[in-house]
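Read through the structure below, which is laid out as C-alpha cells, and then see the notes.
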Protein chains: 2
Amino acid sequence: MDLNVLGDTFGYLLRRAWRDVDRRFQYHFRTLRLTAPQYSILILVNANPDCTPGDLVQPLGISQNNLVGIIGDLIDRGYVRKAAHSQDRRARILALTESGSAVLAEAHAAHAVYAAEYLRRIGADNLRELVRLLTMFDAG
Amino acid sequence: MDLNVLGDTFGYLLRRAWRDVDRRFQYHFRTLRLTAPQYSILILVNANPDCTPGDLVQPLGISQNNLVGIIGDLIDRGYVRKAAHSQDRRARILALTESGSAVLAEAHAAHAVYAAEYLRRIGADNLRELVRLLTMFDAG
DNA sequence: TATTGTTATACTCTATAACTATA
DNA sequence: TATAGTTATAGAGTATAACAATA
C-alpha cells in the first residue's frame, strides 16, 4: 500500500502511536482492570488528597459529567472514597482508601513493566525528547 | 494540582496530544463532515485505486468489521464506489468517485489550514522530529 | 446568577464473536 | 480449512443538554 502523504502526517502517526501505547497499557493493566484515565485518577487523588472531582477535569481532559461515572466505578470498587466538603456544601472531596493505596502500588509496578518495554523499544533519549515535544501540544 | 509522575509520563502526554490534535482536526473538517479515519481512507483509496477493504486494515489500524460501516458511509455519501473483484469473487475493489476526488481536494485544503496552525504552534523542526519519533511507535 | 455535581442521551471508536460466500 | 466481507453486540470515550443543590 502506498501511504501517500500519511507517512509524514503527524496526526496520522499520533493516532497510531496512541493506539499502540493504549493497547500495551491495557495489556499490562488487564489483571488490575484499570484504564489509563483510572490510573491517572488514582495518581492525582493520591498526590492531592481531598481534591474535588472538579479539580480533576483539567488535568484529565475529561468533562465533569463523564468523570462522575469513572470515579463512581472506583468508589464502587472501594479504591476511592467521596466525602462532604467542609466549607462548600455543593462540593465533594476525594481520597484514596487503604485498598486504593494498595492497588495504586500494584499499578505503579505494572506501569514500570510497561514503561520498561518502551524504554527498550524506543530508547531513553528518544522518550525524553518525545515528552518534551508532546508537552508543547498540551492545550489543557 | 500536583501532576505527580504524570507530567513526565509519555502515555499521559500522548493521550492529551492526540485529543488536542483530533479536536483541532474536527474543527477544521466540520463543514466537510469527515473524521480523521475517513480522510485517511480517501487518501489511501485515491493513492491505491482498486484496493480492497482488507488492504486498508493494516494502514488504518481499524479491523475489517469496523471498516465496513465507515466505508459504507463514504459510499452512501457518493465519495467511494465498491465493485466486484475480477479474480476473487469474495473480494471487493474500491475507488473514488468524481465527487470523492472533489471532496478529497477540499479536504487537503482544510488539512493545509489545520497543519499551518500546528506549524505556527510547534515549529517545523519540532514537527519533523516528532514524526521521526512517532514512526518508532508504529506497531501496525 | 454562577458553580458543583449529577443524570440522560447520543454518537464514535473499539473488541469479540459469529455468519456467508467464496477460495 | 482458510479467507474476504459482513452483521450484531457490547463496552469505552466523548459531547451536549438539562437539572438540583448551593454559592
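In the text below, chain A, chain B and the rest are named by the order of the sequence lines, each starting its count at 1.
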Looking at residues 73-92 of chain B, who's got a heavy atom less than 4.0 Å off DNA chain D?
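Here the set is Lys82(B), Arg90(B), Ala91(B), Arg92(B).
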
Contact residues, residues 26-54 of chain A to DNA chain D [heavy atom, < 4.0 Å]:
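Contacts with DNA chain D under 4.0 Å: Thr35(A), Pro37(A).
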
On DNA chain D, which is the earliest and which the latest nucleotide, 5' to 3', with an atom closer than 4.0 Å to a heavy atom of chain A?
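Listing 5' to 3', DNA chain D meets chain A from dG13(D) to dA23(D).
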
Atom pair distance, as rounded to whole Å: [atom1] in [X] and [atom2] in [N]:
X: Asp22(B); N: dC13(C); atom1: CG; atom2: P; answer: 8 Å
X: Arg15(A); N: dT14(C); atom1: CZ; atom2: C1'; answer: 10 Å
X: Gln64(B); N: dA21(C); atom1: CD; atom2: P; answer: 17 Å
X: Leu56(A); N: dG5(C); atom1: CG; atom2: C1'; answer: 13 Å
X: Leu60(B); N: dC13(C); atom1: CG; atom2: C1'; answer: 13 Å
X: Ile62(A); N: dG5(C); atom1: CD1; atom2: P; answer: 15 Å
X: Arg19(B); N: dC13(C); atom1: CZ; atom2: P; answer: 14 Å

Any donor and acceptor pair, going by atom type alone, linking the side chain of [X] with main-chain N or O of [Y] inside 3.5 Å?
X: Gln38(A); Y: Thr35(A); answer: yes
X: Asn126(A); Y: Ile122(A); answer: yes
X: Asn66(A); Y: Ile62(A); answer: no
X: Arg16(B); Y: Pro59(A); answer: yes
X: Arg15(A); Y: Asp22(B); answer: no
X: Arg92(A); Y: His85(A); answer: no
X: Thr9(B); Y: Tyr12(B); answer: no
X: Asp50(A); Y: Ile93(A); answer: no

What are the two closest non-hydrogen atoms of Ala91(A) and Thr52(A), and how far apart are they?
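Minimum heavy-atom separation between Ala91(A) and Thr52(A): CB-CG2, 4.4 Å.
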
Please work out if Leu67(A) contacts a base, only the sugar-phosphate, or nothing of the nucleic acid, heavy-atom cut-off 4.0 Å.
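Counting heavy atoms under 4.0 Å across all strands, no contact is made by Leu67(A).
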
Residues two or more places apart in sequence or in another chain: which of them pass side-chain hydrogen bond (donor to acceptor under 3.5 Å, both in side chains) with Asn4(A)?
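For Asn4(A) there are no side-chain hydrogen bond (donor to acceptor under 3.5 Å, both in side chains) partners, ignoring immediate neighbours.
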
ring-ring contact (aromatic ring centres under 6.0 Å, His included) with His108(B): which residues, sequence neighbours excluded?
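Tyr39(B).
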
For the side chain of Asn66(B) and the base of dA15(C), is some donor closer than 3.5 Å to an acceptor across the two?
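Present.
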
Centroid-to-centroid, Tyr114(B) to Tyr27(B), below 6.0 Å?
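Judged by ring-centre distance (under 6.0 Å), Tyr114(B) and Tyr27(B) do not meet the cut-off.
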
Through what angle, rounded to 10 degrees, does the axis of the helix from dT1(C)-dA23(D) to dA23(C)-dT1(D) turn between its ends, using five pairs per end?
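Nearest ten degrees gives 10° for this helix.
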
Charged N-O contact under 4.0 Å between Asp125(B) and Arg128(B):
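So Asp125(B) pairs with Arg128(B) through a salt bridge.
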
Between Arg24(A) and Asp20(A), is a salt bridge (Lys or Arg N to Asp or Glu O under 4.0 Å) present by the stated rule, with each step listed?
CA-CA 6 Å; Arg24(A) 294 312 300 156; Asp20(A) 174 67; over 6 Å; no

